[in-house]
Amino acid sequence: MRRHLLALPLFVILCSGTQLLAQEIRPSWPIPSEIKWEATNGYPMAYRDAGTGTPIVLVHGSTNDYRTWNAQFSVFSQTHRVIAVSLRHFYPERWDGVGTDFSIEQHAQDVAALIKKLNLGKVHLVGHSRGGAVVIEVAKSHPEIIRTLVLPDASIEMPVPETAEAKEAAEFTERLIGTLQKNLKTGDPTKAAEIFVDMLNTPGTWPKLPEPVKDMILANIYTALGDKGRPITSCSDVKNFVFPVLLITADKSPKKFEFFYSEMRKCKGDLPLSIVIPNAGHGMHRNNPEAFNKATLSFVAQH
């Protein structure tokens with residue numbers, strides 16, 4: 001009897017600790033009605049979820065969130081289960097850029113953990129821009145959960161030969177994010193966002209963006225203060241991609257992305273030529289969603 005009585009307080013402590021932990025990682029910010037959240041690696045990770053079938057997981061880029069995929073979500077969910085994530089510290093959280101748990105590697109571990117927690121099995125993993133760097137890290141560390149890898153203007157960094165073209169491509173992201181971080185410190189986030197968007201696309205792009213897209217970018221703009229660069233991907237890493245890979249860019253995208261896709265093909269000769277989305281820039285999934293959706297769905301349907 002005494003042994004059972006002694007064990008009882010320990011049981012109560014453990015249960016209380018578990019409940020406390022669950023309370024600690026609940027979101028302290030409003031959660032929009034259209035999304036769900038899961039405690040993932042100690043963070044309340046938000047995501048939008050709809051449809052049935054083989055899962056497609058969508059990972060957004062810098063200053064974006066799950067809403068960047070609005071033009072894909074209803075279309076893809078007609079034939080697949082679709083999960084559009086918001087990465088750690090992006091909307092619906094409003095983050096000030098202060099903290100040490102914001103990195104490509106952390107986001108990759110969060111995405112992989114969410115896929116496993118939701119029991120999705122092998123997924124079609126889509127990563128745009130900085131989200132491309134995230135899904136490439138997932139591919140390197142958790143290849144067992146990937147059915148296919150779809151890379152629209154993925155921000156991959158690789159060792160490259162010392163040429164002027166390679167130098168320009170290698171420095172593009174550092175210059176882009178560095179300029180944004182510098183401009184944010186002036187206290188005018190809208191002007192900082194305008195310069196950032198125009199650098200990624202063409203001058204004059206920002207005023208033409210729909211207001212909901214501007215609102216999304218401004219809601220996430222200070223996450224750029226936590227951005228500390230991209231991991232380096234080696235030829236060996238690319239050779240180990242045993243799943244089908246789709247490379248996508250746009251006719252008005254910065255040349256950096258196709259440059260590194262060419263480097264990837266040098267490492268792994270069976271990678272296909274890039275699909276080029278016409279009449280579109282870096283935000284191709286919003287600029288020309290019909291062409292983007294067709295290219296992506298056609299590819300995943302084959303696998």
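FYI, the numbering just counts along the sequence from 1.
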Visitor: Report yes if the side chains of Leu180 and Ile221 come closer than 4.5 Å at any heavy-atom pair, otherwise no.
Guide: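 Side-chain contact under 4.5 Å: yes.
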Visitor: Return yes if some donor-acceptor pair links the side-chain N/O of Tyr261 with the main-chain N/O of Leu151 below 3.5 Å, else return no.
Guide: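 Here the side-chain-to-backbone pair exists.
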Visitor: About how many Å separate CG of Leu225 and NZ of Lys185, when rounded to the nearest 0.5 Å?
Guide: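 If we round to the nearest 0.5 Å, Lys185:NZ and Leu225:CG are 7.0 Å apart.
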Visitor: Mind checking what makes salt bridge (charged side-chain N to carboxylate O under 4.0 Å, His left out) contact with Glu168, not counting sequence neighbours?
Guide: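 Not a single residue meets the salt bridge (charged side-chain N to carboxylate O under 4.0 Å, His left out) criterion with Glu168.
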Visitor: Sort and list the pairs that fulfil side-chain hydrogen bond (donor to acceptor under 3.5 Å, both in side chains) and have at least one residue in residues 284-300, not counting sequence neighbours.
Guide: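 Sorted pair list: Asn64-Arg286, Thr68-His285, Thr68-Arg286, Gln72-Asn293.
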Visitor: Do Asp188 and Thr190 have side chains that approach each other closer than 4.5 Å (heavy atoms only, starting at C-beta)?
Guide: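 In short, these two side chains touch, coming nearer than 4.5 Å.
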Visitor: Do we see a donor-acceptor contact under 3.5 Å between the side chains of Asp237 and Ser234?
Guide: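 Checked: Asp237/Ser234 side chains pair up, N/O donor to acceptor below 3.5 Å.
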Visitor: Please name all residues satisfying ring-ring contact (aromatic ring centres under 6.0 Å, His included) with Phe257, sequence neighbours left out, ordered by chain then number.
Guide: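 Only His282 meet the ring-ring contact (aromatic ring centres under 6.0 Å, His included) criterion with Phe257.
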Visitor: How long is the span from the NZ atom in Lys116 to the CG atom in Leu114, to the nearest 0.5 Å?
Guide: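 Rounded to the nearest 0.5 Å, the NZ-CG separation comes to 12.0 Å.
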Visitor: According to the side-chain hydrogen bond (donor to acceptor under 3.5 Å, both in side chains) rule, which pairs have a member within residues 83-106, sequence neighbours left out?
Guide: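 Residue pairs passing side-chain hydrogen bond (donor to acceptor under 3.5 Å, both in side chains), neighbours aside: Tyr43-Glu93, Arg88-Asp101, Arg88-Asp110, His89-Glu93, His89-Asp101, Gln106-Asp110.
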Visitor: Quick one: which residue pairs count as a salt bridge (Lys or Arg N to Asp or Glu O under 4.0 Å) with a foot in residues 64-74, not counting sequence neighbours?
Guide: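 Counting only pairs at least two positions apart or across chains, the salt bridge (Lys or Arg N to Asp or Glu O under 4.0 Å) contacts touching residues 64-74 are Asp65-Arg67.
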Visitor: Donor-acceptor pair, distance only, cut-off 3.5 Å: does the side chain of Lys117 make one with the backbone of Ala39?
Guide: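 Yes; judged by distance alone, with no hydrogens or angles, the pair exists.
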Visitor: For atom NZ of Lys122, is the number of surrounding heavy atoms from other residues, nucleotides or ligands below 6.0 Å larger than 12?
Guide: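 For Lys122, atom NZ is not crowded (no more than 12 foreign heavy atoms under 6.0 Å).
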Visitor: Which pair of non-hydrogen atoms, one from Arg265 and one from Pro272, has the smallest distance, and what is that distance?
Guide: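 The pair with the smallest heavy-atom distance is NH1-O, 3.2 Å.
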Visitor: Sequence neighbours excluded, which residues qualify as ring-ring contact (aromatic ring centres under 6.0 Å, His included) partners of Trp206?
Guide: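 Trp206: no ring-ring contact (aromatic ring centres under 6.0 Å, His included) contacts found.
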Visitor: Sequence neighbours left out, what pairs pass salt bridge (Lys or Arg N to Asp or Glu O under 4.0 Å) with at least one residue falling in residues 73-86?
Guide: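 Residue pairs passing salt bridge (Lys or Arg N to Asp or Glu O under 4.0 Å), neighbours aside: Asp49-Arg81.
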Visitor: Please check if the side chain of Asp153 supplies one atom and the backbone of Ser129 the other of a donor-acceptor pair under 3.5 Å.
Guide: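 Checking the backbone N and O of Ser129 against the side chain of Asp153, no donor-acceptor pair under 3.5 Å is found.
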Visitor: Shortest non-hydrogen contact from Ser62 to Phe196?
Guide: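 That would be CB-CZ, 4.2 Å.
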Visitor: Are Met45 and His107 packed together at the side-chain level, in the sense that at least one heavy-atom pair is separated by less than 4.5 angstrom?
Guide: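 Met45 vs His107: side chains apart.
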Visitor: Evaluate the side-chain proximity of Thr233 to Glu137: yes if any heavy-atom separation is below 4.5 Å, no if none is.
Guide: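 They are in contact (side-chain heavy atoms under 4.5 Å apart), so the answer is yes.
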Visitor: How far apart are the C-alpha atoms of Lys214 and Glu194, what are their side-chain angles, what is the distance that settles it, and do they pass the salt bridge (charged side-chain N to carboxylate O under 4.0 Å, His left out) test?
Guide: CA-CA 9 Å; Lys214 290 181 181 178; Glu194 178 178 1; over 6 Å; no
Visitor: Indicate yes or no: at least one non-hydrogen side-chain atom of Val135 is less than 4.5 angstrom from one of Val111.
Guide: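 No. Closest side-chain heavy atoms not under 4.5 Å.
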Visitor: Which residues, ordered by chain and number, are linked to Val300 in its hydrophobic cluster, where ILVMFWY side chains connect at heavy-atom gaps below 4.5 Å, directly or through other members?
Guide: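 Ile56, Leu58, Trp69, Phe73, Val75, Phe76, Val82, Val126, Val150, Leu246, Ile248, Ile275, Ile277, Met284, Phe292, Leu297, Phe299, which link up through side-chain heavy atoms under 4.5 Å apart, make up the rest of the cluster.
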Visitor: How about Glu144: does its CD atom have over 12 heavy atoms from other parts shown lying under 6.0 Å from it?
Guide: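 Enclosed: over 12 neighbouring heavy atoms sit under 6.0 Å from CD of Glu144.
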Visitor: Considering only heavy atoms from C-beta outward, does the side chain of Tyr66 approach that of His60 to under 4.5 Å?
Guide: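 No, every pair of side-chain atoms sits at 4.5 Å or beyond.
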Visitor: Is Cys267 close to Met158 at the side-chain level, that is, under 4.5 Å between some pair of heavy atoms?
Guide: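 Sidechains of Cys267 and Met158: in contact.
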Visitor: Side-chain contact test, heavy atoms from C-beta onward, threshold under 4.5 Å: evaluate it for Leu87 versus Thr223 and give yes or no.
Guide: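 No, every pair of side-chain atoms sits at 4.5 Å or beyond.
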Visitor: Say you draw a straight line from CG of Leu273 to CD of Glu258; how long is it, rounded to the nearest 0.5 Å?
Guide: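 Interatomic distance, Leu273 CG to Glu258 CD, rounded to 0.5 Å: 8.0 Å.
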Visitor: Determine, using the 4.5 Å side-chain heavy-atom cutoff (strictly less than), whether Val238 and Leu125 are members of one ILVMFWY cluster.
Guide: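 Yes.
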Visitor: Among residues at least two apart in sequence or on other chains, which ones pass salt bridge (charged side-chain N to carboxylate O under 4.0 Å, His left out) with Lys255?
Guide: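 In terms of salt bridge (charged side-chain N to carboxylate O under 4.0 Å, His left out), with neighbours along the sequence ignored, Lys255 is linked to no residue.
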Visitor: Determine the minimum heavy-atom distance between His142 and Ala112, stating which atoms define it.
Guide: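 Residues His142 and Ala112, closest heavy atoms: CD2-CB, 3.4 Å.
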Visitor: If two hydrophobic side chains count as joined below 4.5 Å and joins carry through other members, does Ile104 share a cluster with Phe172?
Guide: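 Hydrophobic grouping puts Ile104 apart from Phe172.
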Visitor: With sequence neighbours left out, which residue pairs that include part of residues 220-241 fulfil the ring-ring contact (aromatic ring centres under 6.0 Å, His included) condition?
Guide: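 Sorted result for residues 220-241: Phe241-Phe243.
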Visitor: Give me the atom names and distance for the closest heavy-atom approach of Pro207 to Gly204.
Guide: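 Distance-wise, the nearest heavy atoms are CD-O, 3.3 Å.
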Visitor: Please determine whether side-chain contact (heavy atoms from CB on, under 4.5 Å) holds for the pair Arg48 and Asn70, giving the CA-CA distance in whole Å, both sets of side-chain angles, and the decisive distance to 0.1 Å.
Guide: CA-CA 10 Å; Arg48 192 178 179 195; Asn70 283 348; 3.5 Å; yes
Visitor: With Lys266, which residues qualify under salt bridge (charged side-chain N to carboxylate O under 4.0 Å, His left out), at least two apart?
Guide: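 For Lys266, the residues satisfying salt bridge (charged side-chain N to carboxylate O under 4.0 Å, His left out) (neighbours in sequence not counted) are Glu263.
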Visitor: Roughly how far, to the nearest 0.5 Å, is the NE2 atom of His80 from the OG1 atom of Thr54?
Guide: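 Going from the OG1 atom of Thr54 to the NE2 atom of His80 covers 5.5 Å.
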Visitor: Count I, L, V, M, F, W, Y as connected when their side-chain heavy atoms are under 4.5 Å apart, and connections chain through other members. Are Trp37 and Phe102 then in the same cluster?
Guide: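 Same cluster.
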Visitor: Are more than 12 heavy atoms from other residues, nucleotides or ligands located less than 6.0 Å from atom NZ of Lys228?
Guide: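 Result for NZ/Lys228: enclosed.
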Visitor: Search all heavy atoms of Gly281 against all heavy atoms of Ala250 and return the closest pair with its distance.
Guide: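 For Gly281 versus Ala250, the nearest heavy atoms are O-CB, 3.3 Å.
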Visitor: Is there a path of hydrophobic side-chain contacts, each under 4.5 Å between heavy atoms of I/L/V/M/F/W/Y residues, joining Met216 to Ile31?
Guide: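 Not linked; separate clusters.
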Visitor: I need the Lys256 NZ to Leu200 CG distance, nearest 0.5 Å.
Guide: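 It comes to 9.5 Å.
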Visitor: Search all heavy atoms of Asp251 against all heavy atoms of Ala280 and return the closest pair with its distance.
Guide: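 The pair with the smallest heavy-atom distance is OD1-O, 2.8 Å.
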Visitor: Do the side chains of Met264 and Val242 join up, straight or via other hydrophobic residues, at under 4.5 Å, putting them in one cluster?
Guide: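 Met264 and Val242: one cluster.
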Visitor: Looking at Thr179 and Arg175, would you say the former's side chain and the latter's main chain have a donor-acceptor pair under 3.5 Å?
Guide: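 Yes; at least one donor-acceptor contact below 3.5 Å.
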Visitor: Just how far is it from atom NZ of Lys268 to atom OG of Ser236, taken to the nearest 0.5 Å?
Guide: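 Going from the NZ atom of Lys268 to the OG atom of Ser236 covers 12.0 Å.
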Visitor: Only counting residues at least two apart or in another chain, list the ones meeting salt bridge (charged side-chain N to carboxylate O under 4.0 Å, His left out) with Asp227.
Guide: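 Result, salt bridge (charged side-chain N to carboxylate O under 4.0 Å, His left out) vs Asp227: Arg130, Arg230.
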